[in-house]
Amino acid sequence: MRIRNVFIILCAVVFLFGLSAPVMAKVIKIGGLTDCTGATSDVGKDYALGLSDAWHYVNDTGGINGKEVKYTWFDYGYRIPEALTKYKLLKRMGVIAIEGWGTGDTEALSATVFKDKLPYVSASFSAHLNNPKKSAYNLFFAPDYSTQARANLTAWFEAKWPKHKDYGKRAPKFACVYNFASPYASAPIKAIKDQAKMLGFEIGEDQDVALTAIDTKSQIMALKKFSPDVCWHGNTTMAVSATMRDAYALELGADWLVNYWGFDENLPRLAREAAEGAMCAGPSYFFGSDEGIMKTVKEFAKKYTPGVPLEKRLKFTVTAWSNVLLLREALIRADKAGDLSGPGILQKGFETMRDFAIADGGLGTSPVTYTSTDHRSTGIVPVFELVGGKFNHVKTIDVKGRWPEKWASEWFGW
Amino acid sequence: MNKKSIILLILFIFLGVLFTSCASMQTKPTAANFKAPTVALDSVQVTQYNGYWYYGANIKPTKGKEGNNSAVLPLAFTFNITNPNSFPVKLDGFGFTVAFEDFDVNMVNAYETQWIPPGKTNQISVPSILDVRQALLGLLVPNAFKVKEKGTNAWALLEKWWTGIPEYNIPIYVNGGSATFMAGEEQKVVPFKAKFPQ
């Protein structure tokens with residue numbers, strides 16, 4: 001009896017000590033590959049900071065069904081061998097999904113993530129990544145570059161061309177300016193030319209402008225011979241601003257449509273009046289917006305990245321939040337289904353989304369849908385115009401809704 | 001076991017618990033009493049010097065593959081982290097941008113968790129690995145206008161940095177740094193920046 005009492009007391013003490021020990025919460029590991037200092041860092045750093053802020057937001061608002069996210073990310077400086085090495089490290093660390101960056105790392109790793117069945121949410125919106133048969137584990141929230149380009153040209157055709165003095169007298173003239181060798185810059189060219197042909201444009205010769213270009217006078221002189229009404233620029237902000245400045249100085253007189261990563265809050269600072277009237281697809285809010293949850297986005301930027309002033313943050317922070325909150329939703333769904341494996345996150349997470357509104361639409365994104373046969377997130381594309389340093393909404397083009405047959409059968413994967 | 005032994009055992013356990021509790025008793029962290037730890041750059045070390053060189057993708061190396069290969073400049077940044085509180089704090093995130101002169105060249109994060117005792121200073125050493133090729137692309141694209149405005153060119157800057165930094169006569173900046181600290185349920189994010197040599 002006495003021994004039993006002693007045993008009970010000892011058990012009680014052990015129990016009390018056990019209760020006071022810290023409870024270990026389960027942790028979900030997510031990896032990140034970014035470019036903060038390499039060739040695409042003018043846009044990549046802001047995106048990287050946005051990813052980090054947004055994962056803090058996820059943890060501060062309940063994590064993944066109560067599980068904490070440990071987000072580990074690296075600046076790979078747009079060096080592909082470094083991206084491959086860091087990918088292997090992240091995989092060894094046991095991450096269950098990766099927030100990737102641009103076309104460089106995304107395409108270099110596409111076959112590997114497909115083989116490894118590791119979801120890879122990227123800031124490369126290439127239409128080549130939409131086909132689950134080829135790249136099932138590459139996903140993103142935005143309409144792909146080709147859909148954005150089709151919408152951008154259509155918006156110009158409907159909003160700007162009718163105001164032109166030659167409207168009704170001749171076909172509008174269109175030309176493309178981009179770095180031929182860049183997969184990002186060349187990705188939507190076939191699609192936008194197809195759209196131009198469909199809308200009845202006369203199409204001029206393409207001009208090759210390097211991503212590193214700061215002098216584009218020879219290309220502008222070549223364009224002047226064709227005298228386009230509107231040009232597409234497929235590069236990133238620095239080369240876009242250099243081209244616009246030369247076009248303005250040499251009085252090209254054409255309007256500009258710009259690819260997603262070439263049109264941001266830095267463009268009017270660099271190109272000034274030469275960028276006036278430029279148009280771009282805006283699949284999520286600009287950083288200066290006060291709509292939706294943008295107040296929260298700014299609060300987290302200020303709190304978790306205090307060394308970077310808010311006035312230096314760009315729309316790519318919002319792009320990053322959109323991709324993070326998309327992945328969060330996929331993880332929540334897969335976790336509820338009890339399967340946080342790569343195929344689980346894909347099939348029980350992403351591919352269960354039907355017109356899902358990321359953050360209840362609070363980041364300005366269109367609702368997304370993913371199926372097992374089609375990873376095009378949406379065909380609804382808002383288009384914006386730069387006026388007096390501000391980004392004004394021109395119109396929203398529903399590419400899928402307007403051309404449903406072409407969307408279904410012709411415009412898939414390019 | 002007799003009654004006396006049992007009483008002694010219980011007393012022993014009770015005193016053990018009491019002493020342990022007293023030993024670990026300390027001020028509970030709150031938003032009001034949690035003072036921000038300080039982060040200060042102690043030194044920057046060139047951990048291995050490989051010279052200055054670059055060869056383009058059209059040059060066949062003696063061994064290995066062709067490519068835009070170039071000299072790596074590994075640096076180690078050592079910081080002093082001081083906890084002014086009367087309770088321990090956990091360093092839970094640490095990152096910053098490395099700049100040569102006023103050009104950002106690298107961004108690094110440290111993921112090692114460490115506890116800083118009350119009133120003490122810990123050190124953390126953070127490596128930064130950078131090669132000429134990466135810095136070149138950073139100068140040619142995002143910093144192209146800035147390089148032009150300074151009346152220089154990317155190659156001149158790279159040679160100056162890769163030969164001058166090992167001599168510690170080129171200023172190295174730590175920009176946009178943020179360190180996340182935890183104490184109990186409380187969190188503080190501390191910004192920091194520094195220059196070396198000062």
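Each chain gets a letter, A, B and so on, in the order the sequences are listed, and its residues count up from 1.
Scanning residues 93-103 of chain A against chain B with a 4.5 Å heavy-atom cutoff picks out nothing at all. Inspection of non-hydrogen atoms places A:C36, A:T37, A:G38, A:A39, A:S41, A:D42 of residues 33-44 of chain A under 4.5 Å from chain B. Contact residues of residues 90-108 of chain B toward chain A are B:T97, B:D104, B:V105, B:N106, B:M107 (heavy-atom distance under 4.5 Å).
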message: Using the rule given for side-chain contact (heavy atoms from CB on, under 4.5 Å), can you reason through B:Q134 versus A:D75, listing the C-alpha separation, both sets of side-chain angles and the distance that settles it, and then say yes or no?
response: CA-CA 11 Å; B:Q134 180 185 344; A:D75 169 18; 4.2 Å; yes

- request: Go through the steps for B:K188 and A:K303 under the test side-chain contact (heavy atoms from CB on, under 4.5 Å), then give the verdict.
  value: CA-CA 9 Å; B:K188 270 206 188 298; A:K303 179 180 178 185; over 6 Å; no

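In this structure, B:N143 CG and A:M238 CE are separated by 7.0 Å, a value rounded to the nearest 0.5 Å.
Residues passing the side chain to side chain donor-acceptor pair (under 3.5 Å) test with A:R269 are A:N266, sequence neighbours excluded.
Remark: A:K29 NZ is loosely packed, at most 12 non-hydrogen atoms of other residues, nucleotides or ligands lying under 6.0 Å away. Annotation for B:K146: atom NZ counts as buried by contact number, over 12 foreign heavy atoms lying within 6.0 Å.
Of the residues considered (B:T180, B:N109, B:N68), B:N109 shows the highest number of contacts with chain A, using heavy-atom pairs under 4.5 Å. If you tally non-hydrogen atom pairs under 4.5 Å between each of A:V308, A:T72, A:I214 and chain B, the highest count goes to A:T72.
With a 4.5 Å cut-off on side-chain heavy atoms, A:W73 and B:Y111 count as touching.
Heavy atoms of A:A213 lying under 4.5 Å from chain B are absent altogether. Proximity to chain A is limited to the backbone of B:I129, based on heavy atoms less than 4.5 angstrom apart.
For the pair B:R133 and A:Y78, the NZ or CZ position fails the cation-pi test of under 6.0 Å to the six-membered ring centre and within 45 degrees of the ring normal.
Smallest separation of non-hydrogen atoms from B:S178 and A:Y304: OG-O, 3.7 Å.
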